[in-house]
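The first residue in the sequence is number 1, and the count goes up from there.
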Amino acid sequence: MRTRSGQAVRFFNPPGLPYVQAVHGINVAHEFRRHVHDGFCIGLVQSGARVVCHGGTSTVIPENALFVINPGAVHACEPLHKEHSYLIVCVEAARMKALASQISETACAVPYCKNILIHDGELGSRIRRFFSLIENGSSELEWESVLLSVLSKLILNYGDEPPVTRDVGPHERAITRVCEFIEAHYAQDLSLKELSSTACLSPFYFQRLFVRHTGVSPHDYLVQRRIKKARELLLQGHGIAAVAADTGFVDQSHFTRSFKRVTGITPGRYISSMLGDLSPDDTP
(Lines give C-alpha, C1' and ligand atoms only; values in the text may rest on other atoms or scores of the structure.)
Protein backbone atom coordinates (compact mmCIF):
# COMPACT_ATOMS: atom_id res chain seq x y z
CA MET A 1 0.00 0.00 0.00
CA ARG A 2 1.49 3.36 -1.07
CA THR A 3 0.83 6.55 0.88
CA ARG A 4 2.60 9.87 0.34
CA SER A 5 5.73 10.11 -1.79
CA GLY A 6 8.49 7.99 -0.23
CA GLN A 7 6.11 6.15 2.08
CA ALA A 8 4.94 2.55 1.73
CA VAL A 9 3.44 -0.27 3.77
CA ARG A 10 4.07 -3.75 2.40
CA PHE A 11 2.27 -6.89 3.57
CA PHE A 12 3.61 -10.43 3.21
CA ASN A 13 1.93 -13.79 3.81
CA PRO A 14 4.83 -16.28 3.59
CA PRO A 15 3.78 -19.58 1.95
CA GLY A 16 3.71 -22.42 4.44
CA LEU A 17 3.19 -20.07 7.39
CA PRO A 18 -0.57 -19.45 7.51
CA TYR A 19 -0.34 -18.21 11.10
CA VAL A 20 1.95 -15.30 10.18
CA GLN A 21 1.64 -11.95 8.44
CA ALA A 22 4.68 -9.72 8.01
CA VAL A 23 4.48 -5.94 7.58
CA HIS A 24 7.24 -3.63 6.37
CA GLY A 25 6.50 0.05 6.93
CA ILE A 26 8.76 2.53 5.17
CA ASN A 27 8.81 6.21 6.21
CA VAL A 28 5.33 5.95 7.74
CA ALA A 29 3.85 9.09 9.27
CA HIS A 30 0.39 7.65 9.97
CA GLU A 31 -1.10 7.70 13.49
CA PHE A 32 -2.77 4.42 14.44
CA ARG A 33 -5.62 5.15 16.87
CA ARG A 34 -6.60 2.89 19.77
CA HIS A 35 -7.10 -0.69 18.62
CA VAL A 36 -6.41 -4.33 19.54
CA HIS A 37 -4.95 -7.36 17.79
CA ASP A 38 -6.03 -11.00 18.09
CA GLY A 39 -2.42 -12.17 17.95
CA PHE A 40 1.07 -10.98 18.83
CA CYS A 41 2.76 -8.07 17.06
CA ILE A 42 6.53 -8.35 17.25
CA GLY A 43 8.22 -5.29 15.79
CA LEU A 44 11.59 -3.70 15.12
CA VAL A 45 12.06 0.03 14.51
CA GLN A 46 14.46 0.44 11.59
CA SER A 47 14.67 4.23 11.60
CA GLY A 48 13.13 7.07 13.58
CA ALA A 49 11.20 6.14 16.72
CA ARG A 50 7.75 4.75 17.50
CA VAL A 51 5.50 5.74 20.40
CA VAL A 52 3.20 3.05 21.80
CA CYS A 53 0.42 4.32 24.08
CA HIS A 54 -1.04 1.68 26.38
CA GLY A 55 -2.67 1.54 29.80
CA GLY A 56 -2.41 5.29 30.32
CA THR A 57 1.34 5.38 29.63
CA SER A 58 3.48 5.98 26.57
CA THR A 59 6.58 3.98 25.64
CA VAL A 60 9.10 5.28 23.12
CA ILE A 61 10.64 2.57 20.94
CA PRO A 62 13.94 4.00 19.62
CA GLU A 63 15.77 3.00 16.47
CA ASN A 64 16.98 -0.63 16.47
CA ALA A 65 14.84 -1.50 19.50
CA LEU A 66 12.03 -4.03 19.49
CA PHE A 67 8.47 -3.92 20.74
CA VAL A 68 5.87 -6.59 21.49
CA ILE A 69 2.13 -6.03 21.66
CA ASN A 70 0.28 -8.87 23.38
CA PRO A 71 -3.05 -10.18 22.05
CA GLY A 72 -6.01 -8.13 23.28
CA ALA A 73 -3.86 -5.23 24.52
CA VAL A 74 -5.54 -1.90 23.74
CA HIS A 75 -2.95 0.52 22.34
CA ALA A 76 -2.24 3.33 19.89
CA CYS A 77 0.90 3.94 17.82
CA GLU A 78 2.51 6.87 16.06
CA PRO A 79 5.97 8.09 15.02
CA LEU A 80 7.80 10.15 17.62
CA HIS A 81 8.61 12.80 15.03
CA LYS A 82 7.47 13.03 11.41
CA GLU A 83 7.89 9.43 10.25
CA HIS A 84 9.52 6.09 10.99
CA SER A 85 10.25 2.73 9.36
CA TYR A 86 9.55 -0.62 10.96
CA LEU A 87 9.30 -4.39 10.55
CA ILE A 88 6.44 -6.23 12.24
CA VAL A 89 5.71 -9.95 12.46
CA CYS A 90 2.10 -10.73 13.41
CA VAL A 91 1.68 -14.23 14.87
CA GLU A 92 -1.51 -15.97 15.96
CA ALA A 93 -1.78 -16.46 19.73
CA ALA A 94 -2.58 -20.16 19.27
CA ARG A 95 0.72 -20.65 17.46
CA MET A 96 2.70 -19.05 20.28
CA LYS A 97 0.85 -21.21 22.79
CA ALA A 98 1.66 -24.33 20.76
CA LEU A 99 5.36 -23.39 20.57
CA ALA A 100 5.56 -22.80 24.32
CA SER A 101 4.01 -26.26 24.81
CA GLN A 102 6.58 -27.77 22.42
CA ILE A 103 9.41 -26.23 24.44
CA SER A 104 8.16 -27.52 27.79
CA GLU A 105 6.58 -30.69 26.38
CA THR A 106 3.56 -29.94 28.57
CA ALA A 107 0.41 -27.91 27.94
CA CYS A 108 1.15 -24.19 28.36
CA ALA A 109 -0.92 -21.03 28.41
CA VAL A 110 -0.41 -18.25 25.87
CA PRO A 111 3.10 -16.88 26.62
CA TYR A 112 2.41 -13.17 27.09
CA CYS A 113 5.45 -10.91 27.10
CA LYS A 114 6.31 -8.92 30.21
CA ASN A 115 7.42 -5.68 28.55
CA ILE A 116 6.58 -3.77 25.42
CA LEU A 117 10.12 -2.42 24.89
CA ILE A 118 12.95 -4.90 24.28
CA HIS A 119 16.63 -4.21 23.61
CA ASP A 120 18.12 -7.32 21.99
CA GLY A 121 20.50 -6.95 19.06
CA GLU A 122 20.57 -10.66 18.25
CA LEU A 123 16.78 -10.92 18.15
CA GLY A 124 16.64 -7.80 15.97
CA SER A 125 19.12 -9.34 13.54
CA ARG A 126 17.00 -12.47 13.26
CA ILE A 127 13.91 -10.41 12.46
CA ARG A 128 15.85 -8.52 9.77
CA ARG A 129 17.00 -11.84 8.37
CA PHE A 130 13.43 -13.14 8.25
CA PHE A 131 12.28 -10.12 6.26
CA SER A 132 15.24 -10.34 3.91
CA LEU A 133 14.28 -13.93 3.12
CA ILE A 134 10.59 -13.30 2.43
CA GLU A 135 11.21 -10.11 0.47
CA ASN A 136 14.00 -11.44 -1.73
CA GLY A 137 12.80 -14.98 -2.31
CA SER A 138 14.00 -18.06 -0.45
CA SER A 139 12.85 -21.50 0.64
CA GLU A 140 10.13 -22.28 3.15
CA LEU A 141 12.58 -24.24 5.28
CA GLU A 142 14.91 -21.25 5.62
CA TRP A 143 12.39 -18.62 6.64
CA GLU A 144 10.48 -21.10 8.83
CA SER A 145 13.70 -21.96 10.67
CA VAL A 146 14.58 -18.30 11.23
CA LEU A 147 11.07 -17.50 12.44
CA LEU A 148 11.17 -20.43 14.88
CA SER A 149 14.40 -19.05 16.33
CA VAL A 150 12.78 -15.60 16.71
CA LEU A 151 9.64 -16.86 18.45
CA SER A 152 11.37 -19.39 20.71
CA LYS A 153 13.92 -16.80 21.88
CA LEU A 154 11.11 -14.33 22.54
CA ILE A 155 9.17 -16.87 24.62
CA LEU A 156 12.18 -18.13 26.58
CA ASN A 157 13.79 -14.74 27.27
CA TYR A 158 10.84 -12.35 27.49
CA GLY A 159 7.73 -14.38 28.30
CA ASP A 160 5.88 -13.75 31.57
CA GLU A 161 6.29 -17.41 32.62
CA PRO A 162 9.01 -18.90 30.38
CA PRO A 163 8.66 -22.66 29.81
CA VAL A 164 11.45 -24.93 30.99
CA THR A 165 13.37 -26.69 28.22
CA ARG A 166 13.71 -30.44 28.56
CA ASP A 167 16.59 -32.84 28.05
CA VAL A 168 15.14 -34.95 25.24
CA GLY A 169 18.25 -37.11 24.77
CA PRO A 170 20.66 -37.31 21.83
CA HIS A 171 18.31 -38.96 19.27
CA GLU A 172 21.28 -39.79 17.04
CA ARG A 173 19.31 -42.26 14.92
CA ALA A 174 16.57 -39.70 14.36
CA ILE A 175 19.03 -37.08 13.11
CA THR A 176 20.75 -39.65 10.88
CA ARG A 177 17.36 -40.58 9.46
CA VAL A 178 16.69 -36.94 8.59
CA CYS A 179 20.10 -36.53 6.94
CA GLU A 180 19.37 -39.57 4.78
CA PHE A 181 15.93 -38.15 3.97
CA ILE A 182 17.50 -34.86 2.85
CA GLU A 183 20.02 -36.72 0.70
CA ALA A 184 17.18 -38.53 -1.06
CA HIS A 185 14.84 -35.53 -1.42
CA TYR A 186 17.19 -32.53 -1.72
CA ALA A 187 15.42 -31.19 -4.83
CA GLN A 188 12.06 -30.92 -3.05
CA ASP A 189 10.81 -27.87 -1.17
CA LEU A 190 11.26 -29.41 2.25
CA SER A 191 9.69 -27.82 5.31
CA LEU A 192 10.73 -27.79 8.95
CA LYS A 193 7.50 -29.58 9.81
CA GLU A 194 8.28 -32.38 7.36
CA LEU A 195 11.83 -32.85 8.63
CA SER A 196 10.85 -32.76 12.29
CA SER A 197 8.10 -35.30 11.60
CA THR A 198 10.70 -37.56 9.98
CA ALA A 199 12.69 -37.31 13.21
CA CYS A 200 9.56 -37.80 15.35
CA LEU A 201 10.44 -34.63 17.27
CA SER A 202 8.84 -31.22 17.69
CA PRO A 203 10.25 -28.53 15.35
CA PHE A 204 11.81 -26.72 18.32
CA TYR A 205 13.77 -29.71 19.63
CA PHE A 206 14.52 -31.08 16.18
CA GLN A 207 16.23 -27.86 15.12
CA ARG A 208 18.28 -27.70 18.34
CA LEU A 209 19.37 -31.34 18.10
CA PHE A 210 20.17 -31.14 14.39
CA VAL A 211 22.56 -28.22 14.95
CA ARG A 212 24.10 -30.04 17.92
CA HIS A 213 24.79 -33.17 15.85
CA THR A 214 25.78 -31.71 12.48
CA GLY A 215 27.09 -28.26 13.40
CA VAL A 216 24.77 -26.57 10.89
CA SER A 217 21.06 -25.80 10.62
CA PRO A 218 18.76 -28.13 8.64
CA HIS A 219 18.51 -25.46 5.92
CA ASP A 220 22.29 -25.05 5.64
CA TYR A 221 22.69 -28.83 5.46
CA LEU A 222 20.11 -28.98 2.66
CA VAL A 223 21.78 -26.14 0.72
CA GLN A 224 25.19 -27.81 0.96
CA ARG A 225 23.75 -31.02 -0.48
CA ARG A 226 22.05 -29.07 -3.28
CA ILE A 227 25.24 -27.21 -4.16
CA LYS A 228 27.23 -30.44 -4.19
CA LYS A 229 24.81 -31.90 -6.75
CA ALA A 230 24.69 -28.61 -8.68
CA ARG A 231 28.48 -28.62 -9.11
CA GLU A 232 28.29 -32.11 -10.58
CA LEU A 233 25.56 -31.10 -13.03
CA LEU A 234 27.35 -27.92 -14.09
CA LEU A 235 30.51 -29.88 -14.93
CA GLN A 236 28.40 -32.29 -16.97
CA GLY A 237 27.38 -29.37 -19.19
CA HIS A 238 23.91 -28.63 -17.85
CA GLY A 239 22.77 -24.99 -18.08
CA ILE A 240 22.67 -22.83 -14.97
CA ALA A 241 18.91 -22.22 -15.10
CA ALA A 242 18.20 -25.93 -15.51
CA VAL A 243 20.53 -26.83 -12.65
CA ALA A 244 18.82 -24.28 -10.41
CA ALA A 245 15.45 -25.89 -11.08
CA ASP A 246 16.73 -29.47 -10.84
CA THR A 247 18.38 -28.93 -7.45
CA GLY A 248 15.36 -27.30 -5.78
CA PHE A 249 16.16 -23.58 -5.74
CA VAL A 250 13.37 -21.00 -6.00
CA ASP A 251 14.89 -19.44 -9.13
CA GLN A 252 18.24 -18.77 -10.79
CA SER A 253 18.89 -15.71 -8.64
CA HIS A 254 18.33 -17.71 -5.46
CA PHE A 255 20.63 -20.44 -6.80
CA THR A 256 23.38 -17.95 -7.65
CA ARG A 257 23.26 -16.33 -4.19
CA SER A 258 23.37 -19.71 -2.47
CA PHE A 259 26.13 -21.04 -4.72
CA LYS A 260 28.32 -18.03 -4.07
CA ARG A 261 27.67 -18.17 -0.32
CA VAL A 262 28.86 -21.81 -0.22
CA THR A 263 31.70 -21.76 -2.77
CA GLY A 264 32.75 -18.10 -2.81
CA ILE A 265 32.12 -17.71 -6.56
CA THR A 266 29.13 -17.60 -8.91
CA PRO A 267 28.09 -20.66 -10.98
CA GLY A 268 29.38 -18.95 -14.13
CA ARG A 269 32.79 -18.32 -12.59
CA TYR A 270 32.86 -21.90 -11.26
CA ILE A 271 32.31 -23.31 -14.75
CA SER A 272 35.00 -21.04 -16.21
CA SER A 273 37.53 -21.91 -13.52
CA MET A 274 36.95 -25.66 -13.82
CA LEU A 275 37.30 -25.50 -17.61
CA GLY A 276 40.48 -23.46 -17.32
CA ASP A 277 38.91 -20.26 -18.69
CA LEU A 278 40.26 -17.44 -16.51
CA SER A 279 38.47 -14.70 -18.44
CA PRO A 280 36.93 -11.90 -16.33
CA ASP A 281 33.40 -12.91 -17.30
CA ASP A 282 31.65 -13.47 -13.99
CA THR A 283 28.07 -13.65 -15.21
CA PRO A 284 25.89 -16.22 -13.49
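- Among pairs with a residue in residues 170-179, none fulfils side chain to side chain donor-acceptor pair (under 3.5 Å), at least two apart in sequence or across chains.
- When every heavy atom of Ala174 is checked against every heavy atom of Ala199, the shortest pair comes out as CB-O, 3.5 Å.
- Contact of the Leu123 side chain with the Val150 side chain is registered, since non-hydrogen atoms from C-beta on lie closer than 4.5 Å.
- Phe130 contributes atom CZ, which lies 8.5 Å from atom CG of Leu151 (distance to the nearest 0.5 angstrom).
- Val164 belongs to no hydrophobic cluster with other residues, because no ILVMFWY side-chain heavy atom falls under 4.5 Å from its own, directly or through intermediates.
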Quiz prompt | Derivation of the side-chain contact (heavy atoms from CB on, under 4.5 Å) call for Ile227 and Phe249 | solution = CA-CA 10 Å; Ile227 296 302; Phe249 290 94; 3.7 Å; yes
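- Annotation: side-chain hydrogen bond (donor to acceptor under 3.5 Å, both in side chains) contacts of Thr59 (sequence neighbours excluded): His54.
- Taking both residues in full, the closest heavy atoms of His219 and Ser139 are given as CD2-OG, 3.4 Å, listed atom of the first, atom of the second, then distance.
- Leu195 contributes atom CG, which lies 11.5 Å from atom CG of Leu201 (distance to the nearest 0.5 angstrom).
- The backbone N or O of Leu192 lies less than 3.5 Å from a partner atom in the side chain of Glu144, making a donor-acceptor pair.
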List, one per line, each side-chain donor-acceptor pair under 3.5 Å for residues 37-51, sequence neighbours excluded.
| unit_1 | atom_1 | unit_2 | atom_2 | d |
| --- | --- | --- | --- | --- |
| His37 | NE2 | His35 | NE2 | 3.2 |
| His37 | NE2 | His75 | NE2 | 3.4 |
| Gln46 | OE1 | His24 | NE2 | 2.9 |
| Ser47 | OG | Ser85 | OG | 3.3 |
| Arg50 | NH1 | His84 | NE2 | 2.9 |

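- Residues Pro218 and Val178 fail the side-chain proximity criterion, which asks for heavy atoms closer than 4.5 Å.
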Would you list the atom pairs, donor with acceptor, under 3.5 Å between side chains in residues 205-212 and any protein atom, with sequence neighbours excluded?
| unit_1 | atom_1 | unit_2 | atom_2 | d |
| --- | --- | --- | --- | --- |
| Tyr205 | OH | Ile103 | O | 2.4 |
| Tyr205 | OH | Arg166 | N | 2.6 |
| Gln207 | OE1 | Ser145 | OG | 3.2 |
| Gln207 | NE2 | Ser145 | O | 3.3 |

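- Residues forming a side chain to side chain contact (heavy atoms under 4.5 Å, CB included) with Asp251 (at least two apart in sequence, or on another chain): Ser253, His254.
- Sequence neighbours left out, the pairs with a member in residues 123-133 that pass salt bridge (Lys or Arg N to Asp or Glu O under 4.0 Å) are Glu122-Arg126, Arg129-Glu142.
- Contact annotation: the side chain of Arg226 approaches that of Leu222 to within less than 4.5 Å [non-hydrogen atoms, C-beta and beyond].
- The side-chain heavy atoms of Lys228 and Val262, taken from C-beta on, include no pair separated by under 4.5 Å.
- Note on Val250: it does not cluster hydrophobically with Phe259, by side-chain heavy-atom contacts below 4.5 Å among ILVMFWY residues.
- Taking CZ of Arg33 as the start and SG of Cys77 as the end, the distance is 13.0 Å to the nearest 0.5 Å.
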Please set out all donor-acceptor pairs under 3.5 angstrom arising from side-chain atoms of residues 230-243, sequence neighbours excluded.
| unit_1 | atom_1 | unit_2 | atom_2 | d |
| --- | --- | --- | --- | --- |
| Arg231 | NE | Tyr270 | OH | 3.4 |

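- In this structure, NZ on Lys260 lies 13.5 Å from CZ on Phe255, to the nearest 0.5 angstrom.
- Every residue two or more places apart in sequence or in another chain that forms a side-chain hydrogen bond (donor to acceptor under 3.5 Å, both in side chains) with Tyr221 is listed here: Arg225.
- Annotation: side chain of Phe181 is in contact with side chain of Leu190 (closest heavy-atom distance under 4.5 Å).
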Side-chain atoms of residues 105-119: list all donor-acceptor pairs with protein atoms under 3.5 Å, sequence neighbours left out, distances to 0.1 Å.
| unit_1 | atom_1 | unit_2 | atom_2 | d |
| --- | --- | --- | --- | --- |
| Thr106 | OG1 | Ser104 | OG | 3.0 |

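- Annotation for Ser152 and Leu99: closest pair N-CD2, 3.7 Å, computed over non-hydrogen atoms.
- Summarising the local packing, CD of Glu135 is surrounded by more than 12 heavy atoms from other residues, nucleotides or ligands at distances under 6.0 Å.
- For Tyr19, the ring pair (Phe, Tyr, Trp, His ring centres under 6.0 Å) test picks out no residue, with sequence neighbours left out.
- Rounded to the nearest 0.5 angstrom, Thr256 OG1 and Ile265 CD1 are separated by 11.5 Å.
- With a 4.5 Å cut-off on side-chain heavy atoms, Pro79 and Val28 do not count as touching.
- Here the side chains of Met96 and Leu154 are in contact, with some heavy-atom distance below 4.5 Å.
- Closest approach of Pro163 and Ala100 over heavy atoms only: CB-O, 3.8 Å.
- Of all heavy-atom pairs spanning Glu183 and Tyr186, the tightest one is O-CD2, 3.3 Å.
- For the pair Val89 and Val91, the minimum side-chain heavy-atom distance is below 4.5 Å.
- Within the 3.5 Å criterion, the main-chain N or O of Val146 finds a donor-acceptor partner in the side chain of Ser149.
- From Asp160, atom CG reaches atom CG of Asn70 across 7.5 Å, with rounding to the nearest 0.5 Å.
- One hydrophobic cluster, built from ILVMFWY side chains closer than 4.5 Å, holds both Leu156 and Leu148.
- Listed by chain and number, the residues in a side chain to side chain contact (heavy atoms under 4.5 Å, CB included) with Val74 are Arg34, Val36 (sequence neighbours excluded).
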